Amino acid sequence: MKHDVIIVGGGVSGTALLYTLCKYTNIKSIGIIEKYPDFGLVNSAANMNSQTLHFGDIETNYTFEKAKKVKRSADMVMRYLEAEKKRNGNEKLFIKVPKMVLAVGKGQVDTLRDRFKQFGQLFPNLRMIGKEDIGTIEPRVLEGRAPGQELLALVTEDGYTVDFGKLSHSFVNNAKKENPDLSVYLSTKVVKIMRKGELLNLTTDKGEFEASAVVVAAGSHSLKIAKSLGYGKNYSILSMSGSFYTGPRVLNGKVYTMQISKLPFAAIHGDPEVHDENITRFGPTAKPIFFLERYNYSTFFEYWKTFGFSIKPILSILKISSDKVIFNYLLRNVIYDIPSIGKRSFLKEIRKIVPKINLNEIKFARKIGGTRPQIINNSTRKLELGEAKIVGEKIIFNITPSPGASTCLGNAFDDTIKLMDFFNHKFTFRKEVFEKDLILLSEFITDDISVKSKTLISFQC
Ligand SMILES: Cc1cc2nc3c(=O)[nH]c(=O)nc-3n(C[C@H](O)[C@H](O)[C@H](O)COP(=O)(O)OP(=O)(O)OC[C@H]3O[C@@H](n4cnc5c(N)ncnc54)[C@H](O)[C@@H]3O)c2cc1C
């Protein structure tokens, strides 16, 4: 089979690109190849991630620049979700709950207060609240705390909790409506990509495919494929699995703790499950594993191939873990996954959010939580924060740790621009329509959202 564009990977990243190409470009011959029988079954599945649409408002390890970038992409997803809801009614793609970041003790309170001065301008719906208001929104956060303990929170009503697996399906269904000719190849695994003259040849377990341009959105597998073509040699992957503990409904919305600025992982938080608000999830933990996909033990060798068999990544790991903060963090997180002692030590973390929760109220959530392909840069010997995009000759590779689901449409936008360049503008991207629908004001958005849009535009200018 031959196509103009082939997308490898049917998670939320690949399907967001599929939707963008079908709705906003005139490329007709498009194929998407996914190795599993359905879309969104790996990291994008609702049980694999924290279900948070990250804007950068309550993630205290984001710089202002990073928050601006993530917000732009998250706004696109928010507008898509709101438009879908308006069009189709509640399809349970998302729920909206209050969302806060909680500072405990003088040091954290001072840091958060300072942060609000700058970030409050980027996020006009974000409010700074004290103890009393915290208790009104989240009574269990206050219950049992020492009366003298200083507390401060930044809170917003925009706590979008999203089923990113379902969102992947929504993207595909809408893409099909726009381009009924698009080709979907499920249960088809790409085993090799090679150049064949002007084209790229994809060998799969179901036969050969050819494409003029390829976007690989296969999570951590993207780096493995990139390396096989000679790209991304300088990167390795630290596969950071994340587990959760669950409890009864003790929170009304999302409550995040303050982030350790050196770490590229989300701080521990408690939030309601997207499909059952009576369940509160606490996590995720962050434990290194030697698999590209969690619970898929056949990806062990693929992991080492991606890591690289040389001294460089080993030196990077040694340098990264020689940092006391990172080493202690990793050690603590390995313990959290050990039955019995893990539960007891994680309870201490949960009690930073809900002080009076009991040991018998929580349980380890089995088979919940995927793994984040955290990128190691072997030149700087540092962990990178967020996603990586490697652009080759008519091929793009996306590697997507958190907040990769929140940035899926932003990534799709960037990839579409690059694809237009690959084709020397033989095709057109109706960028202004994309922007009208998903960035600028649209007929679907509510009043409070439109305030945000205006802010966004002013920041872009
Ligand atoms: C514990 C945890 C918590 C997280 N929390 C959040 C959060 O709250 N908010 C957020 O925005 N992000 C979060 N993330 C990150 C988010 O889940 C991912 O960034 C996002 O799902 C990545 O989507 P993707 O489509 O790039 O990858 P995936 O969803 O992993 O999809 C990749 C697809 O490629 C397919 N594939 C792989 N290899 C091949 C091949 N050879 N041939 C064909 N198909 C192939 C796979 O089967 C898969 O379907 C979290 C991640 C974890 C692990």
Side-chain angles (χ1 to χ4, degrees), residues 6-18 31-56 58-59 70 73-74 77 99 159-165 167-168 171 185-193 202-206 209 214-225 228 239-244 254 256 265-266 268-269 271 274 281 283-287 289 292-294 296 299 302 306 365 368-374 386-389 397-412:
I6 288 183
I7 300 165
V8 180
V12 76
S13 305
T15 55
L17 177 62
L18 183 75
I32 182 163
I33 302 179
E34 164 55 50
K35 68 175 176 174
Y36 288 121
D38 207 349
F39 297 102
L41 293 181
V42 187
N43 276 329
S44 303
N47 58 340
M48 290 294 181
N49 56 64
S50 297
Q51 311 173 339
T52 302
L53 186 55
H54 289 289
F55 289 87
I58 52 135
E59 294 77 7
V70 170
S73 295
V77 176
K99 179 177 77 171
Y160 282 80
T161 303
V162 184
D163 180 339
F164 291 108
L167 178 61
S168 312
F171 283 142
Y185 306 99
L186 292 172
S187 305
T188 306
K189 182 176 179 179
V190 172
V191 287
K192 197 165 156 195
I193 303 182
L202 292 86
T203 305
T204 74
D205 58 355
K206 298 281 164 61
F209 291 78
V214 171
V215 179
V216 185
S220 46
H221 298 269
S222 298
L223 184 59
K224 193 193 90 197
I225 301 173
S228 73
S239 190
M240 296 301 284
S241 69
S243 298
F244 293 87
K254 290 177 173 291
Y256 274 65
F265 319 111
I268 286 172
H269 45 92
D271 26 25
V274 64
R281 273 211 214 163
T285 62
K287 181 182 78 171
I289 56 169
L292 284 187
E293 264 172 53
R294 200 156 185 207
N296 181 349
T299 60
E302 293 177 320
T306 313
I368 304 284
T371 190
R372 290 150 286 188
Q374 225 62 57
E387 316 92 89
K389 188 186 294 300
F397 306 90
N398 288 309
I399 309 149
T400 44
S402 192
S406 306
T407 54
C408 63
L409 279 168
N411 252 329

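These figures come from a predicted structure and were not determined experimentally. All ligand and atom numbering here is 1-based and tracks the order in the structure.
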Problem - Ring center gap for Phe39 and Phe171 short of 6.0 angstrom - result: no
Exercise for the section: Please check if atom NZ in Lys206 has more than 12 non-hydrogen atoms from other residues, nucleotides or ligands closer than 6.0 Å. Expected result: yes
Exercise for the section: Please lay out, stage by stage, how Ile6 and Tyr185 fare under the test side-chain contact (heavy atoms from CB on, under 4.5 Å). Expected result: CA-CA 10 Å; Ile6 288 183; Tyr185 306 99; 5.9 Å; no
Fill in the blank from the handout: Taken in chain and number order and not counting sequence neighbours, the residues that satisfy side chain to side chain contact (heavy atoms under 4.5 Å, CB included) with Asn49 are Gln51, Phe164
Exercise for the section: Go through the structure and list residues passing side chain to side chain contact (heavy atoms under 4.5 Å, CB included) with Val42, not counting sequence neighbours. Expected result: Tyr36, Glu293
Exercise for the section: State which residues pass side chain to side chain contact (heavy atoms under 4.5 Å, CB included) with Ala217; sequence neighbours excluded, sorted by chain then number. Expected result: Ser13
Handout entry: Sorted by chain and number, the residues that approach ligand 1 to under 4.0 Å with a heavy atom
Key = Val8, Gly9, Gly10, Gly11, Val12, Ser13, Ile33, Glu34, Lys35, Tyr36, Val42, Asn43, Ser44, Met48, Asn49, Ser50, Gln51, Thr52, His54, Thr188, Lys189, Val190, Ala217, Ala218, Gly219, His221, Gly242, Pro284, Gly370, Thr371, Arg372, Thr400, Pro401, Ser402, Pro403, Gly404, Ala405, Ser406
